[in-house]
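To start, the structure itself, in structure tokens.
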Amino acid sequence: MISSALPSPWIPTLLLLLLSLPIFFFFASHILPSPPPPISLPDELDDLTLFRRAAALESHPNHKPKSRLGSTNSKPKIAFLFLTNSDIQFAPLWEKFFNGSKSNRNLYTIYIHADPTVKTKFKSPGGVFSQDRLIPAKQTHRATATLISAERRLLANALLDDPSNAFFTLISQHCIPLHSFQFFYNTLFEASSHQVAEFRHLKYKSFIEIISKDPNLWDRYNARGKKMMLPEVPFDEFRVGSQFFTLTRRHALMVIQERRLWKKFMRPCLRSVACYPEEHYFPTFLSMEDPEGCSGYTLTNVNWTDSVNGHPYTYHPSELSPELIYKLRRSNFVQPYMFARKFTPDCLNPLMDMADDVIFRD
Ligand SMILES: *[C@@H]1O[C@H](CO)[C@@H](O)[C@H](O)[C@H]1NC(C)=O
């Protein structure tokens, strides 16, 4: 008697709970920020086609640096990959960086990936950032793998475009140069200057930060859920590092041909606070495949002291001085820092005032 009467008061409660579930989810989906859309299949197929084309051309005998008559090999170039979702804030400073000397002209190439969906659309300021430097771009979202896609798109376009591109340097609209172009160029190529020309590329190293000890490592590894990265990426092979790298041609090619880890890294994160796929994918892959070929550090100085929401410290005009530039150049590695971020847009004029006497004097 008692036992059969007991459940009855629960039934209306349960029914009410069940009925309220859809209402709860409706409100939750409208109040909580919705997760960004995953990478669409057409976008993914577009990229695959591009990457295959770049990889196929690489092995083609005609896709070799053109040698000029009378001279030996043409000089290798540095490809600058500008990843932006606005104008390039410090374009005039970069213009000075590239055009500092006539002899720079054949030593660099520029590629721009500008998010076509943002309100503050990229407007070409002309000069080195002319319209024809834009590559076919797609939407990018923070805390998604779309930034990896954009970076791989830049690498593939630069590989395809010019066989003389030997290094690939990623730059954002918030970056500034800390040295002259010539200084950067000599730094990258000097390490191999005593090598026989044909074998030089074997000695080039990529400058990419690779960190295996970090208090956030476990969180970042599990950003897509526990065990989601297995079996492709065991925790002890997971690495993090700065987004801003300089890759050798060999590594750029390896990265655009990579499929195995990408399948995991492209998956959406469950928690965006631990989700910086572009800072994880490149260091993890290159440290698995070729740790010896990587410096393990970046050439771009970012100040992470007191960072907020994953944004680094941003410098204001009142802080700018020759001393700051000298301080930002200083590193604990063989090479000094070559670039730095972030700076507010109104830093442009004080930076231009310092350009000739401080920044590009090395
Ligand atoms: C880095 O940022 C902190 C503020 O968060 C500042 O006190 C410090 O001077 C900065 N470091 C450099 C090298 O500018």
Side-chain angles (χ1 to χ4, degrees), residues 80 82-94 96-97 100 142-143 147 169-184 186-188 206-217 219-220 239-246 272-276 278-280 282-283 294-362:
F80 287 81
F82 282 85
L83 179 61
T84 175
N85 54 11
S86 70
D87 283 333
I88 293 166
Q89 282 172 11
F90 304 111
L93 188 65
W94 284 107
K96 243 179 179 321
F97 170 81
R142 253 192 119 198
L147 288 165
T169 296
L170 186 70
I171 304 279
S172 86
Q173 75 262 35
H174 303 290
C175 291
I176 66 156
L178 295 174
H179 278 286
S180 68
F181 174 83
Q182 203 59 54
F183 186 92
F184 180 49
N186 292 345
T187 302
L188 289 187
S206 288
F207 292 90
I208 177 166
E209 189 173 44
I210 298 174
I211 297 172
S212 58
K213 289 187 181 63
D214 183 274
N216 297 316
L217 206 65
D219 257 12
R220 298 198 169 171
R239 299 288 182 273
V240 298
S242 166
Q243 181 185 4
F244 298 94
F245 54 60
T246 290
S272 63
V273 288
C275 195
Y276 302 92
E278 73 287 357
E279 294 182 1
H280 307 159
F282 297 92
C294 301
S295 69
Y297 52 85
T298 175
L299 298 176
T300 301
N301 190 344
V302 184
N303 185 349
W304 287 110
T305 321
D306 306 327
S307 85
V308 190
N309 292 332
H311 289 291
Y313 183 73
T314 304
Y315 293 96
H316 291 266
S318 60
E319 297 167 89
L320 293 184
S321 65
E323 286 67 39
L324 179 70
I325 300 295
Y326 302 143
K327 215 163 89 179
L328 291 173
R329 285 175 175 174
R330 237 172 275 147
S331 83
N332 297 324
F333 316 113
V334 184
Q335 296 81 5
Y337 284 116
M338 300 288 159
F339 311 102
R341 65 195 287 273
K342 288 169 111 170
F343 297 82
T344 57
D346 54 355
C347 284
L348 178 63
N349 284 336
L351 284 168
M352 287 300 280
D353 290 343
M354 285 198 285
D356 292 329
D357 293 336
V358 180
I359 300 174
F360 299 136
R361 175 170 292 177
D362 1 64

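Counting convention: from 1, in listed order, for ligands and their atoms alike. The first residue in the sequence is number 1, and the count goes up from there.
For Leu324, the heavy-atom gap to ligand 1 drops under 4.0 angstrom.
The residues Lys96 and Asp356 are annotated as salt-bridged, a charged nitrogen and a carboxylate oxygen being separated by less than 4.0 angstrom.
Within the 4.5 Å cutoff, no side-chain heavy atoms of Phe245 are placed close to those of Thr169.
Taking the six-membered ring for Trp and the full ring otherwise, Phe207 and Phe244 have centroids separated by 6.0 Å or more.
Residues Tyr297 and Gln335 have side chains that bring a donor and an acceptor to within less than 3.5 angstrom of each other.
No N or O atom of Tyr313 sits closer than 3.5 Å to an N or O atom of ligand 1.
Closest protein heavy atom to atom 13 (C) of ligand 1: Lys327 CE, 3.3 Å. Protein heavy atom nearest atom 5 (O) of ligand 1, with residue, atom name and distance: Asp306 OD2, 3.0 Å. Here the heavy atom of the protein found nearest to atom 14 (O) of ligand 1 is Tyr315 OH, 2.7 Å.
The backbone N or O of Tyr276 sits nowhere less than 3.5 Å from a side-chain atom of Glu279 that would complete a donor-acceptor pair.
At a distance under 4.0 Å, a protein heavy atom can be found next to atom 2 (O) of ligand 1.
Taking the six-membered ring where the residue is Trp, Phe339 and Phe80 present perpendicular rings, their angle passing 60° and hence far from 30°.
When Val308, Asn303, Thr314 are ranked by how near their heavy atoms come to atom 6 (C) of ligand 1, first place goes to Asn303.
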